[in-house]
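Chain letters run A, B, ... following the sequence lines, proteins first, then strands; residues in each count from 1. Predicted model only: the values in this text are computed from it and were never measured. Basis for what follows: all heavy atoms, side chains included, without hydrogens, waters or symmetry-related copies.
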2 protein chains.
Amino acid sequence: MINKNSPVPIYHQLEEYIKHQIENGALVEESVIPSEREYAEMFQISRMTVRQAINNLVSEGYLKRHKGRGTFVTKKKVEQELQGMTSFTEDMLSRGMNPSSILLSFQITIADKKTALALRIKEEDSVYIIKRIRLADGAPMALETAYIPVKIVPGLTEENSNLSLYQYIEENLALSISEATQEIEASTADHLDAETLEINIGDPILLIERISYLQEGIPFELVKSTFRADRYRFIHTMKR
Amino acid sequence: MINKNSPVPIYHQLEEYIKHQIENGALVEESVIPSEREYAEMFQISRMTVRQAINNLVSEGYLKRHKGRGTFVTKKKVEQELQGMTSFTEDMLSRGMNPSSILLSFQITIADKKTALALRIKEEDSVYIIKRIRLADGAPMALETAYIPVKIVPGLTEENSNLSLYQYIEENLALSISEATQEIEASTADHLDAETLEINIGDPILLIERISYLQEGIPFELVKSTFRADRYRFIHTMKR
DNA sequence: TTCTACAACTGGTATAGACAACTATTCCAC
DNA sequence: GTGGAATAGTTGTCTATACCAGTTGTAGAA
């Protein structure tokens, strides 16, 4: 399980090992994991190295320490779902609704000035522009336009664009998403909004503009959405 | 500077010491701090202990490590302002606007069913109900109604309610605020909204409902706000 | 039977030292 | 000048050890 000659640090190998154990169910939620001294003995490594691995998992929220009692597997990942709520699909699922979407257009074009600025790319760089109607339980919920730099997410096609972009990025490109900013404003429906969302002109709508960033602070997606105000309210928790 | 006989752990003393150095300007933004070995020598402590202090400061965002180069002071603390953005005053200040408010009414009444539920109090418990017009640079920005349980924040009067409620709670009651949830939706102005916000009936407005919680998870404030959509957009950052 | 003291566990703090990996600079050979 | 090696500095990883401080179960005393 642990390879001391690997260039991958031992503490990191142990982190992955424990994570897998949690995901496999070998380590059960809310229950104690082996003590630091046991891990040290088990893999013939120093206790301090074990502590380094466990420290990282604690700060990632997988484990929780209790002096004198032991280290325990954290119970829920509800928090992490909140973070994942940046995607329409996950948002709807967490509300108990069934999400789907209709692809309106998929194109690759040169970024306009404003988009280039938001995505921190050059104006001559190309971007995917993906337009969709987002449905919840079969009823139109939002009109969405996504702008993604081709340079950062190559190989996106009309087919795979329908899957989870976030999953694609994390699994296929080995990048990970760290942060997103959102700007939310109210407006009223124009002719196009009214038609696609099946509401009347002048009805209230919620405009949400989201920019998502990779761990290095690089923007990889700009999404502009128009939500039906009668069906959608934005919910949000702030900590600290 | 470091007291080895103190019950306070050395690494924590060092953390505080370095934090103060940063706040005092003794350690300048973007520049290197003394190396781990220098700190160890300086205070006659082990390098691992220094590393523990620095690790904590790194994860708190004060410092940033660079292998082979040194450890550097992080440049901005803009993030921390985001957390304080739960109050209208701080929100406006952070946007570079000058906030003020007009008190419309201040009363103490029995909570209605819905409010009692949100604040997790009994229906017969009394609450302050404070209505205000919120102005930015002298122009109406929002209509706000706050509901606060008397039991939790006793001694609130028409006079001191105009000061920062958050500051009052943290300083006078020695409680601290840990979390807030917000629900945001779009609507259109009715007669009352139009009059107080100086807009037309049917104009888009942003409805924000916020519940703030103390560290123990006890709700202490419910605020319902109606914002002019032409002047206000809600901005928000999600991490991880 | 009930209580107390202790023993045996847990994680928390701290030390001293070793070597690896990375960065910047200096100096030398070409 | 350019390229490369040597060097000295940095953080990163890892070990082995020690003692402190909470928690829990239990053996023994009352």
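Judged purely by distance below 3.5 Å, without hydrogens or angles, the side chains of D91(B) and Y232(B) pair a donor atom with an acceptor atom.
Annotation: of the two residues near DNA chain C, H66(A) and K4(B), the 5′-most nearest-nucleotide partner is H66(A).
At dT10(D), none of the side-chain N or O atoms of T71(B) fall inside 4.0 Å of OP1 or OP2 (strictly under the cut-off). A close approach under 4.0 Å does occur between a side-chain nitrogen or oxygen of R51(B) and OP1 or OP2 of dG12(D). Taking 4.0 angstrom as the limit, R47(A) places none of its side-chain polar atoms (N or O) nearer than this to OP1 or OP2 of dA16(D). Side-chain nitrogen and oxygen atoms of S46(A) include none within less than 4.0 Å of the OP1 or OP2 phosphate oxygen of dC14(D). Within the 4.0 Å cut-off from OP1 or OP2 of dT13(C), at least one side-chain nitrogen or oxygen of Q52(B) is found. Phosphate contact (OP1/OP2 of dT15(D), side-chain N/O of T49(A), threshold under 4.0 Å): present. Taking only side-chain nitrogens and oxygens, K64(A) never comes nearer than 4.0 Å to OP1 or OP2 of dG11(C). For the OP1/OP2 pair of dT24(D) and a distance below 4.0 Å, the side-chain nitrogens and oxygens of K67(A) include no atom meeting the criterion.
With dT10(C), dT13(D), dT15(D) as the choices, the nucleotide that has an atom nearest any side-chain atom of R37(A) turns out to be dT10(C). Taking every side-chain heavy atom of Y11(B) into account, dT13(C) is the closest of dA24(C), dT13(C), dT10(C).
Proximity of the aromatic rings of Y17(B) and F43(B) is defined here by a centroid distance below 6.0 angstrom, and this criterion is met.
Note on E60(A) versus K19(A): salt bridge recorded, some NZ/NE/NH1/NH2 to OD/OE distance being below 4.0 Å.
Counting only distance, with no hydrogens or angles, the side chain of K4(A) and the backbone of Q44(A) share a donor-acceptor pair below 3.5 Å.
Across all strands shown, I54(A) has no heavy atoms under 4.0 Å from either base or sugar-phosphate atoms.
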